[in-house]
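Here's the structure we're looking at; comments come further down.
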Amino acid sequence: MTVDEAVALQEKLAPQVVRQTPEGFSPRVAVGLDVAYATDSDQLAAAAVAVDMSTLDSVEEAVVLGTTDFPYVPGLFAFRELPSLLRAIEQLTVTPDVLVCDGQGLAHPRRFGLACHAGVVTGLPSIGVGKQALGQYDMPGDDRGDWTPLVDDGEVVGRALRTQRRVKPVFVSIGHRMDLDTATDLVLRLSPRYRQPETTRAADQAGRRALAGGVGVQDVAD
DNA sequence: GCGACAG
DNA sequence: ATCTTGTCGC
């Protein structure tokens, strides 16, 4: 796929994003998505880790090895990571109630970041949690839970959210079948101790673990 | 036109 | 994203 085709696909799928959370949404299983890259090759490890929302324990993880077929282009991030991430999600035996992506959702120039793309193609609710913002924002207060709107082109596309006192904020935006308040609440619940959600941390670790040791997918359930 | 630009 | 251990601070 070319850059132009990728942009065209985003513009075509963006209208399909549902900015409303399903009735009675009460996720029991949140799935964290992240990709780790090898230093000396084009190999990557895409990880999908299912986390129990009540205990925040990992209940299952799937990692798939792949290669980078698409270069890193700001705005087209999903075309680099999503193909492998979808394969990882398929390996899970549990059904995700919500996907937690490492990157932006609606906070994207075409309102279709990785989290939106992942949500739309799977039909699952999803949210995006980025470490860097695409857009403008004022620094939120110092306390955990403090937030300010993330604005792009005059539109509120997400929030700069402080998940830990005096720690740099993360940038939350909706992916699909989700609203900002619910996404914010979810991210806070997933981040009781560290800056990033446990879902992202678990997926990050699973990914680099797979790149290091050749040992493949492990089910961490008892 | 120029720079900045999720991971 | 990746190169990387210990260390200062709450």
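Numbers restart at 1 for each chain; the letters A, B, ... are given by sequence-line order, proteins then strands.
Between A:F70 atom CZ and C:dA1 atom C1' there is a gap of 16 Å when expressed in whole angstrom units. One atom, CG of A:L134, and another, P of B:dA4, lie 15 Å apart when rounded to the nearest Å. Between the P atom of B:dG7 and the CZ atom of A:F79 lies a distance of 18 Å, rounded to the nearest Å. Distance CD (A:Q205) to P (C:dT2): 12 Å, rounded to an integer number of Å. The separation between A:K131 atom NZ and C:dT2 atom P is 9 Å, rounded to whole Å. Between the CG atom of A:L82 and the C1' atom of B:dA6 there is a distance of 14 Å, given to the nearest Å. Between the CZ atom of A:F171 and the C1' atom of B:dA6 there is a distance of 11 Å, rounded to whole Å. One can place CD of A:E81 at 12 Å from P of B:dA6, the figure rounded to the nearest angstrom.
Counting any heavy atom pair closer than 4.0 Å across all strands shown, A:L114 reaches a base atom. In this structure, A:L76 reaches the bases: a heavy-atom distance under 4.0 Å links it to at least one base atom across the strands shown. A:G113 comes within 4.0 angstrom of a base, heavy atoms only. Among the protein residues, A:G75 comes within range of the nucleic acid bases, having at least one heavy atom under 4.0 Å from a base atom. Using a 4.0 Å heavy-atom distance criterion, A:Q132 is classed as a sugar-phosphate-only contact.
Few gaps surround CZ on A:R110; more than 12 heavy atoms of other groups in view lie less than 6.0 Å from it.
Looking at A:T184 and A:R159, their side chains do bring a donor and an acceptor atom within 3.5 Å of each other.
Ring-base stacking between A:Y72 and C:dA1 is not satisfied when judged by a centre separation under 5.5 Å and a plane angle under 30°.
Side-chain nitrogen and oxygen atoms of A:R80 include none within less than 4.0 Å of the OP1 or OP2 phosphate oxygen of B:dA6. Side-chain N/O atoms of A:Y37 include none lying less than 4.0 angstrom from OP1 or OP2 on B:dG7.
Closest contact between the side chain of A:P74 and the listed nucleotides B:dC5, C:dT2, B:dG7 involves B:dC5.
Using modelled atom types, one side-chain atom of A:R144 and one backbone atom of A:L188 make a donor-acceptor pair closer than 3.5 Å. In this structure, the side chain of A:R177 engages the main chain of A:G123 through a donor-acceptor pair within 3.5 Å.
Using the six-membered ring where Trp is involved, A:F77 and A:Y72 have ring planes that are perpendicular, over 60° apart on the 30 and 60° scheme.
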